[in-house]
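Inspection log for the structure reproduced underneath, given as structure tokens.
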Amino acid sequence: MTDAVGRFPADTLDQFVLGPAARTPDKPAVIERAGGALVTVTYGELARAVDARATALAEAGVGTGDRVVIESQTSAAAIALLLACSRLGAAFVPVDPDTPDLRVRAIVEATDPVLHLRPAGRPARDLPPLTAVAEFSPDGLVAPAGKPRQRRRRAVVGTDPAYLIFTSGTTGRPKGVVLSHHAALAFYRGAQRFPVVAADDVVASTSPLAFDVSLFDLGVTLGSGATLAPVPREFLSFPRRLLGFLRDAGATVVHGVPSLWRPLLRHEPDGLAALDRLRGILFAGENFPLAELRRLRELHPGLRVVNAFGATETVACSFAEVPDPLPADAERLTIGDGYPGAELLLVDSDGSVVDAPGAVGEIHVRCPSLFSGYWDDPAATRQVLVPDPLEPRSGQLVYRSGDLAYRGADGELYFCGRTDSMVKIRGNRIELGEVERRLLDHPTVGAAVAVAAPAADGEPSLHAFVVTRQGATVGAAELVERCRRTMPAYMVPARFHFLTELPLTANGKANRTALAELARAAR
Ligand SMILES: Nc1ncnc2c1ncn2[C@@H]1O[C@H](COS(=O)(=O)NC(=O)C[C@H](N)c2cccc(Br)c2)[C@@H](O)[C@H]1O
């Protein structure tokens, strides 16, 4: 099948995702909550919506080589829009609707989008008229007539940008991680070979659309002919509503960050145990506290648990089944050894590749899902896309992850911290993860985060934020005693803060910046 000028369609996101639509048009593609009820959108309906949005976006001036900002959470309407962008050869830039105006302005100024799509009915943003703004709803798009643009691109190519994810840049300037169709699809196909999702799964997706786990959820779920059930974000902090949605949607698998389970484990363990269609979970983004994982397994014997590890710059880099039962003495979970089609190398501080069991090195990822680079920042790109350490002459690049790991006896990897989350306290190098793990070993500690913050004398000091498990209490003195017994004095937190819950980032990870602020304020 070729297009109007006899060209074969490129291998793009929309082709991959809508493939099953041709074979199972009546199968539910998306089950979502709309207007207080559950609505089902079939693959055929989704395919027709993509056609309609592509026509409307083209009339609004969207074409090959453009960027389109999409402010939304995951929904059938948003999926139709982002697939339409892919078909037109425009990269979409998902932005969380709760993003502050100034940050949206920085993203718009950096990417010069041809169109900025916003959900109908949301209050207008205080932005200068930098770009055309269009409102969208499940029924369609109200777009201003587009300014015809000088088109130099004549075809969509698989290595064109498919999406940009803006992530917090350490420099304060948001970094745009550019993923091509080729990279994203290489990862999704790797996930299918693992496999992550089966065609008869109903996958509950709980991440913001602006976090690539949600793009992975929709890509792998729809690309495998399964059904996607985007969880309304506001349900994540109401355990009963979350349970109700999972039950009513018939979710068989739930994808998301570990912290999504804490409210359910704490407040609705019985409801969680009663989800009889739930057969698996996939977690990503940060370590799953082992005490909470054990609790989840107690409530759901036989639950399949997949640990999905990696950075947005390669979409991710590995999947691993969490053993069942979890060994009693397990200190950390394996992250596996690269997704099917990827290889992980460990490189030590003087640049040589290490693979002896126990030897710690920085994970370098050799894979077909490398990002294209940081948007408009070749210097930052060169820092992390580096020559293959085993054959620098070949021109092959690998992603230098900043993640530290070592190999177990069978070659599987264990993540053990970041090259950049090492802090120096009075000249001593401290892995914050080490302090956190010691605290998590205490039976009444449900979650723990360690941060370094400058004390009154300016010298950084160690703070520990602890969430105790349901109803349990523990005193700082007891935790100090445990730390003194297991770590050098300089690794014992100077201050303990007991919280009922951890502040989270928009992506659901522990918000270390907010905690560092709390630590500074508590000085
Ligand atoms: N499963 C883990 N255990 C522990 N630490 C993890 C895990 N997954 C990440 N991380 C950490 O988070 C860093 C990266 O952060 S990120 O760029 O925002 N990306 C992410 O978090 C999500 C990431 N794109 C991803 C992961 C899995 C599947 C998909 Br689909 C997408 C990694 O470098 C790790 O340090």
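Note that ligands are numbered from 1 as they come in the structure, with each ligand's atoms numbered from 1 the same way. Reckoned from all heavy atoms, side chains included, excluding hydrogens, waters and symmetry mates.
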Are there any N/O pairs under 3.5 Å between ligand 1 and the protein, and if so, what are their distances?
residue	atom	partner	partner atom	Å
ligand 1	1 (N)	N307	OD1	2.8
ligand 1	1 (N)	A308	O	2.8
ligand 1	3 (N)	E286	O	3.4
ligand 1	8 (N)	G285	N	3.0
ligand 1	10 (N)	G285	O	3.2
ligand 1	12 (O)	G285	O	3.4
ligand 1	12 (O)	K509	NZ	3.3
ligand 1	15 (O)	K509	NZ	3.0
ligand 1	17 (O)	T312	N	3.1
ligand 1	17 (O)	T312	OG1	3.2
ligand 1	18 (O)	K509	NZ	3.4
ligand 1	19 (N)	T312	OG1	3.4
ligand 1	21 (O)	K509	NZ	2.7
ligand 1	24 (N)	D212	OD1	2.9
ligand 1	24 (N)	D212	OD2	2.8
ligand 1	24 (N)	T312	N	3.4
ligand 1	24 (N)	T312	OG1	3.4
ligand 1	24 (N)	V315	O	2.9
ligand 1	33 (O)	D403	OD1	3.2
ligand 1	33 (O)	D403	OD2	2.6
ligand 1	35 (O)	D403	OD1	2.8

Heavy-atom donor-acceptor pair, H463 side chain to A452 backbone, under 3.5 Å: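 Such a contact is absent between H463 side chain and A452 backbone.
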
Any donor-acceptor N/O pair, H181 side chain to L13 backbone, under 3.5 Å: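 Here the side-chain-to-backbone pair exists.
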
CZ (R438) with more than 12 external heavy atoms under 6.0 Å: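 Atom CZ in R438 is packed in, count exceeds 12.
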
Salt bridge (Lys or Arg N to Asp or Glu O under 4.0 Å) involving R482 - partner list, sequence neighbours excluded: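 Result, salt bridge (Lys or Arg N to Asp or Glu O under 4.0 Å) vs R482: none returned.
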
Centroid-centroid distance, F187 to F216, less than 6.0 Å: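 Yes, they do, as the ring centres are separated by less than 6.0 Å.
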
E331 and Y414 side chains, donor-acceptor separation under 3.5 Å: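 There is no such pair between these side chains.
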
